[in-house]
Student: 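One structure follows; several queries about it will come next.
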There are 4 protein chains.
Amino acid sequence: MVESYSNTQPIYLQLVQRICRQIVRREVQPGEKLPSVRDLAVQFGVNPNTIQRVNMELERMGVVESRRGQGMFVTEDSTRLTLMREHLKEELITKFASEMKELGYSEDEIIAGIQAFLLP
Amino acid sequence: MVESYSNTQPIYLQLVQRICRQIVRREVQPGEKLPSVRDLAVQFGVNPNTIQRVNMELERMGVVESRRGQGMFVTEDSTRLTLMREHLKEELITKFASEMKELGYSEDEIIAGIQAFLLP
Amino acid sequence: MVESYSNTQPIYLQLVQRICRQIVRREVQPGEKLPSVRDLAVQFGVNPNTIQRVNMELERMGVVESRRGQGMFVTEDSTRLTLMREHLKEELITKFASEMKELGYSEDEIIAGIQAFLLP
Amino acid sequence: MVESYSNTQPIYLQLVQRICRQIVRREVQPGEKLPSVRDLAVQFGVNPNTIQRVNMELERMGVVESRRGQGMFVTEDSTRLTLMREHLKEELITKFASEMKELGYSEDEIIAGIQAFLLP
DNA sequence: GTGGTCTAGACCACC
DNA sequence: GTGGTCTAGACCACA
């Protein structure tokens, strides 16, 4: 797989975000094993160390746990995952809404804009 | 003034964003003179080099113009400023909405969240 | 049996510690037979290799002995076990006390903390 | 400086612990600048990457903050540091006391042992 | 085979 | 000068 990365954000954070989302969206199931570090490195076209760092970060976030000599597994605690989903949602909304408010956009303006974007 | 800066984004970009917003919100009026590089550096507690870079960026964006020997001035072209406001709005909304969509949140969920946040 | 293991310490050492404690506390009596490698592997949910390693370690420490074709047995030398208990105690205390001292905690502070914890 | 490292624990964790203790004990003052990554690497005889990782960890713990292009600084929030000291104390005591209790040592036995060790 | 640590050395953006 | 990221490649312990 050929991948391209934004310049402004470190690759490892982009990958963290990406995998985290797959997990939050349940594209990978709780308890499921992730590909090995080396495989992911090939898949994403980066150095194994970079993947290692991604895994560290994901583990610290609690979405993944490493089992020595076996691999990395999506945490089985699915309530935790739904909680994270809620948390993520709230965080994104709060950040967005406060920013828009600070810039002086009205509620109607904002909501209209979003609806316009989300229309099929 | 004591300031704290996020670690992930360069200080100069944070300042660009900050000043840009003041202009968009018309806290600084079109045609108004910005403080000198030296003053801004003191005010924000950063190196004058950093302010130089901020000014360069702001000029490149077209929100300020430098008048030789006089200083930096907010552009007087106020239609340009309203355009920028629109552009900024659309950019932020698009980024936000596409991200939320990608994460699998429903339109209702998103709008309800925003309204909840914007309530008094 | 479902078990969880700390990430920083090897599973086999955690098991060594665990079994060793059972012996020191006389939950398993001197001369008693330990379950077979296979059974322990099932019981702890680990690979039989890991149990082998645990047994090797326990034998090296002198708390169990293997009798060919019969299995692993807790050593019958009970003075050895009491000695081990003393040794373990001293080791743990020394490690703890020197660490606390190094961190600059006073004797009173330490003892008060322990008593507070050990209260009913 | 020549340093030796325990085999069982990663070097970077040993350094984290070591520096963290210096900070908690106020051997380095709040707000003080740590030596540069490269200098520390030389001082401890390890690779700069290892120091980098140490700093990451220290920053995540909140005892240190990195200022871009300037260096790593001990956090100025000294109440946070005292809080950490208390937290660390409690953690160490709890871990120790529960372990001793689990092993069946009496309170008197434990306290006597500690006092014996701490005697001049 | 797996993840984890470490080194060597490069390059970058920031100040 | 500073910290931060990334690569390449080695070695280790664990299962």
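Keep in mind it's a predicted model, so treat the numbers as computed, not measured. Sequence lines set the chain letters: A, B, ... in the order given, protein chains first and strands last, and positions in each chain run from 1.
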Student: Which comes earlier along DNA chain E counting from the 5' end, the contact point of Ile11(D) or that of Tyr12(B), where each point is its nearest nucleotide?
Tutor: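 The residue closer to the strand's 5' end, by nearest nucleotide, is Ile11(D).
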Student: Starting at atom CD of Gln14(B), determine the distance to atom P of dC15(E), rounded to an integer number of angstrom.
Tutor: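 So the two atoms are 9 Å apart, to the nearest Å.
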Student: In this structure, how many angstroms lie between the C1' atom of dT2(E) and the CD atom of Glu65(A), rounded?
Tutor: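 Checked: the CD to C1' distance equals 15 Å.
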Student: Check whether Gln52(A) reaches the backbone of Val37(A) with its side chain - one donor and one acceptor, N or O, closer than 3.5 Å.
Tutor: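 Side chain of Gln52(A) to backbone of Val37(A): no pair is present.
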Student: Where the side chain of Glu59(D) is defined as all heavy atoms beyond and including C-beta, which of dC6(F), dG4(F), dC14(E) is the nearest nucleotide?
Tutor: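 Comparing dC6(F), dG4(F), dC14(E) against the side chain of Glu59(D), the answer is dG4(F).
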Student: Without decimals, in angstroms, what is the distance between Glu57(B) CD and dC14(E) C1'?
Tutor: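 Going from CD in Glu57(B) over to C1' in dC14(E) covers 14 Å.
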Student: Per the side-chain contact (heavy atoms from CB on, under 4.5 Å) rule, which among Glu59(C), Glu65(C), Arg67(C), Lys33(C) passes with Met72(C)?
Tutor: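 Of Glu59(C), Glu65(C), Arg67(C), Lys33(C), side-chain contact (heavy atoms from CB on, under 4.5 Å) with Met72(C) is met by Glu59(C) alone.
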Student: CG of Asp39(A) versus C1' of dG3(E): gap in Å, rounded?
Tutor: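 Interatomic distance, CG of Asp39(A) to C1' of dG3(E): 13 Å.
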Student: Quick one: is Thr50(D) getting a side-chain N or O under 4.0 Å of the dT7(E) phosphate, OP1 or OP2?
Tutor: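 It does, given that an N or O in the side chain of Thr50(D) lies less than 4.0 Å from OP1 or OP2 of dT7(E).
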Student: Grab the CE-C1' distance between Met56(A) and dG3(E) for me, whole Å please.
Tutor: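 Between C1' of dG3(E) and CE of Met56(A): 13 Å.
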Student: Provide, to the nearest angstrom, the distance between the CG atom belonging to Leu58(A) and the P atom belonging to dG3(E).
Tutor: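 Result: 13 Å.
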Student: Searching all strands shown, indicate the nucleotide that pairs with dC14(F) (Watson-Crick or G-U wobble; both distances under 3.5 Å).
Tutor: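 Because both required distances fall under 3.5 Å, dC14(F) counts as paired with dG1(E).
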Student: With respect to the side chain of Arg53(C), which nucleotide from dT5(F), dC15(E), dC14(F) is positioned closest?
Tutor: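 Side chain of Arg53(C) sits closest to dC14(F).
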Student: Which part of the nucleic acid does Asn49(A) contact within heavy-atom distance under 4.0 Å: base, sugar-phosphate only, or nothing?
Tutor: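 Base, at least one base atom sits under 4.0 Å.
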Student: Among dC15(E), dG3(F), dG3(E), which nucleotide has an atom closest to any side-chain atom of Val37(A)?
Tutor: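 My answer, after comparing the listed nucleotides, is dG3(E).
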Student: Start at the 5' end of DNA chain E and walk down; is the nucleotide closest to Arg67(A) or to Pro48(D) reached first?
Tutor: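 Looking at the nearest nucleotide for each, Arg67(A) comes out on the 5' side.
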Student: Keeping Ser36(D) on the side-chain end and Asp39(D) on the backbone end, is there a donor-acceptor pair under 3.5 Å?
Tutor: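 Yes; at least one donor-acceptor contact below 3.5 Å.
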Student: Can you see if the side chain of Ser66(A) gets near the phosphate of dT2(E) - specifically, an N or O under 4.0 Å from OP1 or OP2?
Tutor: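 No.
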Student: May I ask which nucleotide in the shown strands pairs with dT7(E), Watson-Crick or G-U wobble, both distances under 3.5 Å?
Tutor: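 When the pairing criteria are applied, dA8(F) turns out to be the nucleotide that pairs with dT7(E).
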Student: Rounded off to whole Å, could you give me the CD1-to-C1' distance for the Ile51(A) and dT5(E) pair?
Tutor: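 One finds 17 Å between C1' of dT5(E) and CD1 of Ile51(A), rounded.
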Student: Arg38(A) or Gln9(A): which one's nearest nucleotide on DNA chain F is closer to the 5' end?
Tutor: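 Its nearest nucleotide lies further toward 5', so the answer is Gln9(A).
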Student: Using heavy atoms to find the nearest nucleotide of DNA chain F for Pro10(A) and Leu13(C) separately, return the residue whose nucleotide is more 5′.
Tutor: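 Comparing both residues, the 5'-ward one is Pro10(A).
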Student: At under 4.0 Å between heavy atoms, what does Met72(D) touch on the DNA or RNA strands: base, sugar-phosphate, or nothing?
Tutor: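 Touches sugar-phosphate only.
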Student: Strictly distance-based, threshold 3.5 Å: is any side-chain N or O of Arg25(A) a donor or acceptor partner for the main-chain N or O of Glu102(B)?
Tutor: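 Yes, the answer is positive, given that a donor and an acceptor are paired below the 3.5 Å cut-off.
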Student: Is there a donor-acceptor pair under 3.5 Å between the side chain of Arg85(A) and the backbone N or O of Arg21(A)?
Tutor: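 Pair absent, no side-chain N/O of Arg85(A) close to backbone of Arg21(A).
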Student: Within the side chain of Thr50(C), is there an N or O that forms a donor-acceptor pair under 3.5 Å with the backbone of Val46(C)?
Tutor: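 It does not hold such a pair.
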Student: Grab the CG-P distance between Leu15(A) and dT5(F) for me, whole Å please.
Tutor: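 Result: 13 Å.
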Student: For a quick test of reading the model: is some side-chain N or O of Arg68(D) closer than 4.0 Å to OP1 or OP2 of dC15(E)?
Tutor: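 Result: yes.
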Student: Looking at dC15(E), dT5(F), dC14(E), which one has an atom nearest to any side-chain atom of Gln52(D)?
Tutor: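 Of all the options, the side chain of Gln52(D) is nearest to dT5(F).
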Student: Categorize Gln70(A) for me: base, sugar-phosphate, or nothing, with a 4.0 angstrom heavy-atom threshold over every strand shown.
Tutor: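 If one applies the 4.0 Å heavy-atom cut-off, Gln70(A) turns out to touch the sugar-phosphate alone, with no base involved.
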Student: Nearest to the side chain of Asn47(D), which nucleotide is it out of dT7(E), dG4(F), dC14(E)?
Tutor: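 My answer, after comparing the listed nucleotides, is dT7(E).
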